[in-house]
Amino acid sequence: MKHILKIALLFLFLSLASACNDFNALKKSTDYENKLEMAIKYFDKGDYTKAQILFEELQNIYKGTEKAETVFFYNAYTNFELGDYLLAGFMFRNFVRTFPTAKKAEECAYMTARCYYLNSPEYTLDQTDTYTAIREFSFFLKQYPKSEHIPDCNECVDKLRGKLEMKSYATCVQYYNISDYKASIADIIVHNKDFPANPHQEELSFVTIEDYYQLGLLSVDVKKAERMKIVMDNYTKFVDTYPKSSFLAQAQVIYEDASKIKKQLEKAEADNTAERDKQNKEKADKENRNKKQSN
């Protein structure tokens with residue numbers, strides 16, 4: 001049994017060595033017709049690494065010829081299958097630009113967007129590829145409005161926009177968490193403008209109330225009263241819009257405290273005004289008495 005196993009392993013080793021030698025010979029060959037045929041065979045068998053090596057060379061060899069379209073197409077797909085979506089996306093886009101009237105131009109335009117979609121990272125990371133994917137899908141939808149890929153494109157765009165919405169939402173909350181209330185308020189306004197139907201509107205409406213409340217507590221009295229008034233106005237809108245919100249109890253506590261602070265500030269302002277009026281009256285009365293005495 002061990003003897004048979006050794007023989008089998010020997011044959012396997014010899015087969016691999018032979019295949020390796022055959023491929024090395026193929027790489028050195030100047031028979032480009034055979035190279036192209038073998039590159040396609042490697043691709044069809046799923047041996048994308050060998051196929052990519054050959055197609056990479058053949059793309060320069062066949063550039064400007066009738067077979068360039070085939071080589072460009074396979075080379076892009078080879079990189080896609082190897083998981084290099086950034087390079088594949090560039091190649092698919094290059095195919096569309098080089099062969100705009102080709103039958104495969106539609107497929108390559110779709111695959112360009114698909115590559116950037118697959119390369120789009122988690123929402124916490126830089127979203128450059130996400131924006132690029134949306135732009136490429138938009139181009140495809142405009143160029144091929146009757147394509148069979150339309151439903152998939154729309155679904156992908158929705159997912160990409162959801163990722164951007166999530167990143168924007170996280171930024172709004174992060175600013176609140178680090179006590180940068182002005183930045184949080186500004187970002188929430190932009191967020192709701194960019195994503196009018198976002199799923200975080202209720203929470204961000206509550207965060208806005210907290211932002212203005214905390215900002216008011218840190219303000220001088222003149223601005224504090226104004227910001228507490230904004231807190232109360234936002235609370236009223238919040239209650240009208242989300243009467244059963246899970247944030248309602250917290251929002252009410254903030255509202256009541258804001259209302260109390262506002263009343264205290266208004267009373268203090270009224271007392272100060274009354275004191276100033278009293279002092280002005282006493283000053284005026286004194287001046288009048290002095291005038292009468294001098295006369």
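The first residue in the sequence is number 1, and the count goes up from there.
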Hey, what do you get for CZ (Phe139) to CD (Glu136), rounding to the nearest 0.5 Å? 7.5 Å

Counting only N and O atoms by type, is there a donor-acceptor contact under 3.5 Å from the side chain of Gln127 to the main-chain atoms of Glu122? yes

As an exercise, state the distance from CG of Asn75 to CG of Asn60, rounded to the nearest 0.5 Å. 9.5 Å

Please determine whether a side-chain nitrogen of the Lys or Arg among Lys260 and Glu256 lies less than 4.0 Å from a carboxylate oxygen of the Asp or Glu. no

Nearest heavy atoms of Asp84 and Leu87, plus distance in Å: OD1-N, 3.2 Å

Taking side chain as C-beta onward, heavy atoms only, is Ile261 less than 4.5 Å from Leu217? yes

Just checking Phe23 against Tyr42, ring centres under 6.0 Å apart? yes

Side chains of Ser29 and Asp31: is there a donor and an acceptor less than 3.5 Å apart? no

Ignoring hydrogens and geometry, is there a side-chain-to-backbone donor-acceptor pair from Lys163 to Pro121 under 3.5 Å? yes

Atom of Leu248, atom of Pro243 and distance for their closest heavy-atom approach: CD2-O, 3.2 Å

Same hydrophobic cluster for Val71 and Leu26, using side-chain heavy-atom links shorter than 4.5 Å among ILVMFWY? no

The reported gap from SG in Cys115 to CE in Met91 (rounded to nearest 0.5 angstrom) is 10.5 Å

For Glu57, is there an ion pair with Lys27 - N to carboxylate O distance below 4.0 angstrom? no

Given 3.5 Å as the limit, does a donor-acceptor pair link the side chain of Gln201 with the main chain of Pro196, or not? yes

Could you check whether Lys41 pairs with Glu37 (Lys NZ or Arg NE/NH1/NH2 to Asp/Glu carboxylate O, under 4.0 Å)? yes

Can you find a heavy atom in the side chain of Gln59 that is under 4.5 Å from one in the side chain of Phe72? yes

State, with a plain yes or no, whether a side-chain heavy atom of Phe137 is found less than 4.5 Å away from one of Leu160. yes

Heavy atoms from other residues, nucleotides or ligands near OH of Tyr175 exceed 12 (cutoff 6.0 Å): no

Going hydrophobic residue to hydrophobic residue with side-chain gaps under 4.5 angstrom, can you get from Tyr32 over to Ile53? no

May I have the step-by-step check of side chain to side chain contact (heavy atoms under 4.5 Å, CB included) for Glu203 and Tyr169, ending in yes or no? CA-CA 10 Å; Glu203 180 183 352; Tyr169 155 76; 2.9 Å; yes

Which heavy atom of Lys167 sits nearest a heavy atom of Thr124, and at what distance? NZ-O, 3.5 Å

Would you say the side chain of Phe99 lies within less than 4.5 Å of the side chain of Lys104, judging by non-hydrogen atoms? no

Calculate, to the nearest 0.5 Å, the distance between atoms CG and CD1 belonging to Asp180 and Ile185 respectively. 9.5 Å

Residues Thr112 and Gly89: closest non-hydrogen pair is CG2-O, 3.7 Å

Pairwise side-chain contact, Thr132 with Arg93, heavy-atom cut-off 4.5 Å (strictly under): yes

Kindly compute the distance separating CG (Asp129) from CZ (Arg135), expressed to the nearest 0.5 Å. 10.0 Å

Verdict with reasoning, Val239 to Gln252, per side chain to side chain contact (heavy atoms under 4.5 Å, CB included): CA-CA 9 Å; Val239 173; Gln252 186 172 355; over 6 Å; no

Side chain of Ser138, backbone of Ile134: donor and acceptor closer than 3.5 Å? yes

Can you tell which of Phe80, Phe90, Tyr77, Tyr117 makes a ring pair (Phe, Tyr, Trp, His ring centres under 6.0 Å) with Tyr85? Phe80

Check the pair Met232, Ser259 against side chain to side chain contact (heavy atoms under 4.5 Å, CB included), reporting the backbone distance first and the verdict last. CA-CA 7 Å; Met232 297 167 68; Ser259 178; 3.9 Å; yes

If the plane angle is over 60° it's perpendicular, under 30° parallel, otherwise tilted; pick one for Phe195 and His191. tilted

If you measure from CD on Glu69 to OH on Tyr62, what distance do you get to the nearest 0.5 Å? 14.5 Å

Shortest non-hydrogen contact between Glu106 and Phe140, atoms and distance: O-CE1, 3.2 Å

In one Ile/Leu/Val/Met/Phe/Trp/Tyr side-chain cluster, 4.5 Å: Leu82, Met38: no

Can a side-chain donor-acceptor contact be found between Ser184 and Asp211 if the only test is distance below 3.5 angstrom? yes

Taking the side chain as every heavy atom from C-beta outward, state whether Phe95 and Met111 have any atom pair closer than 4.5 Å. no

Group every Ile, Leu, Val, Met, Phe, Trp and Tyr by side-chain heavy-atom contacts under 4.5 Å, then state whether Met166 and Tyr131 land in the same group. no

Are the aromatic ring centres of Tyr181 and Tyr212 under 6.0 angstrom apart? no

Note: Phe238 and Ile209 closest approach over all heavy atoms is CB-CD1, 3.8 Å

Backbone N/O of Leu141 and side chain of Gln143: donor-acceptor pair under 3.5 Å: no

Parallel under 30°, tilted from 30 to 60°, perpendicular over 60°: which one fits the rings of Tyr110 and His149? parallel

For residues 220-234, pull every pair meeting side chain to side chain donor-acceptor pair (under 3.5 Å), keeping only residues two or more places apart or in separate chains. Ser219-Arg227, Lys229-Asp233

Under a single-linkage definition using a 4.5 Å side-chain heavy-atom cutoff for Ile, Leu, Val, Met, Phe, Trp and Tyr, are Leu164 and Tyr123 assigned to the same hydrophobic cluster? no

Please state whether the rings of Phe43 and Phe55 are parallel, tilted or perpendicular, taking 30° and 60° as the class boundaries. perpendicular

Less than 4.5 Å apart, side chain to side chain, heavy atoms only: is that true for Ile254 and Phe206? yes

Among Ile, Leu, Val, Met, Phe, Trp and Tyr joined by side-chain contacts under 4.5 Å, find the other residues sharing a cluster with Leu86 and list them by chain and number. Tyr116

Less than 4.5 Å apart, any side-chain heavy atom of Pro199 and any of Glu165? yes

Where do Cys156 and Arg114 land on the side chain to side chain contact (heavy atoms under 4.5 Å, CB included) test, with the steps shown first? CA-CA 9 Å; Cys156 288; Arg114 189 76 187 172; 3.2 Å; yes

